[in-house]
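Reviewing the structure listed below.
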There are 2 protein chains.
Amino acid sequence: MRTTVHDVADAAGVSVSTVSRALTGGSVSPATRATVMAAAERLGYRPNRTARGLITGRTGNYGLIVPDLQNPFFADIAKGVSARARAVDGGVFITDTDEDVSAELEALATLGRNTDGVLLCSPRATDAELKEAADPETTVLVHRQVPGMLSISADIAAGTRQAIDHLRALGHRRIAFLAGPDESWAGAQRLATLAEYDKKPEYDEKPESNDKTDKTGVEILRFGSVAPTFEGGVLAGDLVLASTATAVLAYNDLVAMGLLHRLAARGVPVPERMSVVGYDDISLAAMSHPPLTTVAVPKGRAGAAALELLLRRVGGAGKPATTVREREVTLPTGLVVRASSGLAPTTSG
Amino acid sequence: MRTTVHDVADAAGVSVSTVSRALTGGSVSPATRATVMAAAERLGYRPNRTARGLITGRTGNYGLIVPDLQNPFFADIAKGVSARARAVDGGVFITDTDEDVSAELEALATLGRNTDGVLLCSPRATDAELKEAADPETTVLVHRQVPGMLSISADIAAGTRQAIDHLRALGHRRIAFLAGPDESWAGAQRLATLAEYDKKPEYDEKPESNDKTDKTGVEILRFGSVAPTFEGGVLAGDLVLASTATAVLAYNDLVAMGLLHRLAARGVPVPERMSVVGYDDISLAAMSHPPLTTVAVPKGRAGAAALELLLRRVGGAGKPATTVREREVTLPTGLVVRASSGLAPTTSG
DNA sequence: AAATTCCCTGCATACGTTTGCAAGGGAGTC
DNA sequence: GACTCCCTTGCAAACGTATGCAGGGAATTT
């Protein structure tokens with residue numbers, strides 16, 4: 001049987017209340033505290049979070065729901081969350097829903113009941129589903145934004161612009177975009193930003209836009225939707241080669257790597273004949289052949305920030321976030337230029 | 001406030017005990033059960049695991065400790081565990097220890113107290129540390145074996161032999177082995193098996209060995225230890241090229257991919273001039289360039305099996321494993337031949 | 001020196017759930 | 001028709017911890 005607070009109390013010759021107070025920082029005389037601490041140490045006592053949570057109403061446990069742990073993107077987020085949780089001595093339940101939205105909602109309900117709050121990576125559920133299933137006070141969305149809900153997301157628009165502007169500066173005029181799943185929130189963000197490049201120049205002059213880059217003279221060719229996987233990229237390779245595009249912005253790094261693979265198999269040199277830019281900057285991106293130019297998105301940091309946001313709300317530490325800016329945090333993105341992007345081929349070549 | 005069993009009882013017009021029994025499968029009349037179920041459904045009731053665990057002594061929660069979630073090998077294990085846990089409606093705490101052994105032991109103590117049992121991926125702690133920190137009845141080691149403790153591991157010896165025999169059959173006579181960290185249990189297993197190839201032929205005749213393959217005529221060149229990472233592989237590339245080896249067995253796939261990367265950078269064609277074999281068969285292995293021949297090790301399956309072993313012991317379902325064969329499970333491995341291994345170059349070439 | 005204050009400690013209760021025990025009622029059997 | 005048996009249900013206790021409340025003792029004040 002595990003040692004309980006009673007065992008410690010007996011060993012120290014005091015009551016259970018004193019033990020509890022000694023360990024949680026209540027008002028106890030220094031001498032008693034020392035005795036209790038010694039006894040607890042000697043017996044290897046660890047408080048039972050379960051029982052503690054019952055009375056305090058807080059468990060010190062948090063939930064994280066991801067569609068696929070095998071996907072490095074989510075693995076990175078999980079690592080960030082875990083690291084932060086360890087620092088505050090909290091536990092984190094991780095549920096892999098295998099890309100199944102209904103499992104996601106189910107996990108949300110269960111975890112919501114058994115934790116102090118849950119971090120949710122849900123690219124595919126609808127806004128309405130999320131608003132209905134989640135407690136807006138104890139749920140924070142990661143890499144997704146829904147009005148009125150707590151969220152940590154990345155500045156996808158800025159990242160997308162950087163990628164296109166990079167390719168444009170290299171002389172590319174026809175750029176393919178490999179779209180991901182239609183339901184994906186992040187995918188919709190990318191498309192919305194790319195649509196700017198189709199607009200007339202005067203649209204860029206609206207005063208609220210602080211985006212001064214020139215968006216003319218480049219044409220975006222949309223392909224897909226493709227599966228957001230290596231296989232999806234392989235498939236897209238032939239599509240892209242059949243077009244007039246000289247550069248490709250992939251939905252994510254996995255797709256970009258599949259694309260690279262297919263291009264290599266067809267003997268197309270990268271970046272000499274085709275530039276490839278990925279999205280996310282997962283660790284594999286640096287290992288690809290050639291190393292992948294990609295839009296870096298904070299992952300571990302987003303996970304840590306998400307937990308932090310939760311802690312401030314339920315943890316009592318500091319005042320809870322109130323303004324929209326505090327409730328819906330946007331983290332910066334940045335283009336990482338590696339070897340897969342280069343000058344556009346000359347028309348004569 | 002969350003809905004409790006009391007709320008459901010009021011709504012259904014019965015006592016809390018009846019609600020409890022209706023939901024956990026006690027003896028209740030079909031009519032009342034239906035009423036209770038309906039009320040529970042309507043109120044969105046989820047039992048509080050915390051409180052349940054307090055009385056039953058079982059929480060339905062399990063712990064998983066891994067050194068690095070970012071490493072696809074452990075991500076795969078975590079996914080397997082999560083999937084199995086979801087099937088039995090259990091929760092799983094995942095702790096990423098960031099390769100820190102002391103954090104591992106600390107997590108083991110905390111999780112051991114707050115869960116029904118913990119799954120431990122600890123390649124680097126010593127046997128003694130593990131035996132002291134872990135409860136042998138509720139801890140199962142994953143991909144590691146310690147006498148007397150529950151474990152799920154892979155048949156590393158068989159996998160290693162398959163890899164070497166494969167290369168030997170392709171005509172390779174001098175094979176480099178890239179050793180991983182010295183403390184690694186799996187690494188020690190690989191080395192022990194490779195040592196067989198250095199022994200005199202008569203050693204293979206000992207009756208208890210069911211291994212009939214010819215181990216003569218091949219020389220193992222050991223390099224390392226190298227870090228078990230992509231970077232470690234890059235580093236090893238130059239070492240291998242400076243030797244007379246015509247084939248390489250890497251410590252794991254990450255190392256193999258780094259090696260591939262370096263070989264490509266130095267213009268060495270694979271497998272024409274150098275064959276490369278990895279270990280683990282992580283999902284990236286199929287995406288490398290060229291696709292990697294590698295020893296497939298069960299990962300998700302190992303995770304699921306580990307949880308299964310735990311469930312049989314503490315879950316009450318079935319009789320707990322008693323024989324050594326049941327307590328220390330070994331899963332099969334198998335070589336997956338892809339494009340990175342081929343015929344040995346002719347000496348004239 | 002007596003009274004007041006404050007610090008420390010123990011007792012008892014509460015948290016949400018499960019479960020042993022006992023009571024009630026309906027049906028089946030003699 | 002009465003008795004027995006079993007099924008169903010409610011009451012109450014228990015799990016391990018935290019905390020309000022009150023009591024006791026020492027220290028400080030008048």
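Worth knowing before you read on, the calculation uses all heavy atoms, side chains too, and leaves out hydrogens, waters and symmetry mates.
Residues passing the side-chain contact (heavy atoms from CB on, under 4.5 Å) test with E129(B) are V101(B), L105(B), A125(B), T126(B), sequence neighbours excluded. By the salt bridge (charged side-chain N to carboxylate O under 4.0 Å, His left out) test, E308(A) pairs with R84(A), sequence neighbours left out. Annotation: ring-ring contact (aromatic ring centres under 6.0 Å, His included) contacts of F74(A) (sequence neighbours excluded): none. Considering only residues two or more places apart in sequence or on other chains, S82(A) meets the side-chain contact (heavy atoms from CB on, under 4.5 Å) condition with D96(B). With sequence neighbours left out, R144(A) forms a salt bridge (charged side-chain N to carboxylate O under 4.0 Å, His left out) with D127(A). Applying the ring-ring contact (aromatic ring centres under 6.0 Å, His included) test to F93(A) and every residue at least two apart in sequence or in another chain returns F93(B).
Sorted pairs that involve residues 10-21 of chain B and meet salt bridge (Lys or Arg N to Asp or Glu O under 4.0 Å), not counting sequence neighbours, are lacking altogether. Counting only residues at least two apart or on different chains, the salt bridge (Lys or Arg N to Asp or Glu O under 4.0 Å) pairs with a member in residues 107-123 of chain A are R58(A)-D116(A).
A heavy-atom distance below 4.0 Å to DNA chain D is reached by none of the residues of residues 45-52 of chain B. A heavy atom lying under 4.0 Å from DNA chain C marks the following residues of residues 28-39 of chain A, by number: V28(A), S29(A), T32(A). Residues from residues 19-27 of chain A that place a heavy atom under 4.0 Å from any atom of DNA chain D, listed by number: S20(A), R21(A), T24(A).
The S15(B) side chain lies nearest to dC11(D) when the options are dT17(D), dT18(C), dC11(D).
Rounded to 10°, the helix from dA1(C)-dT30(D) to dC30(C)-dG1(D) has 50° between the axis fitted to its first five pairs and the one fitted to its last five.
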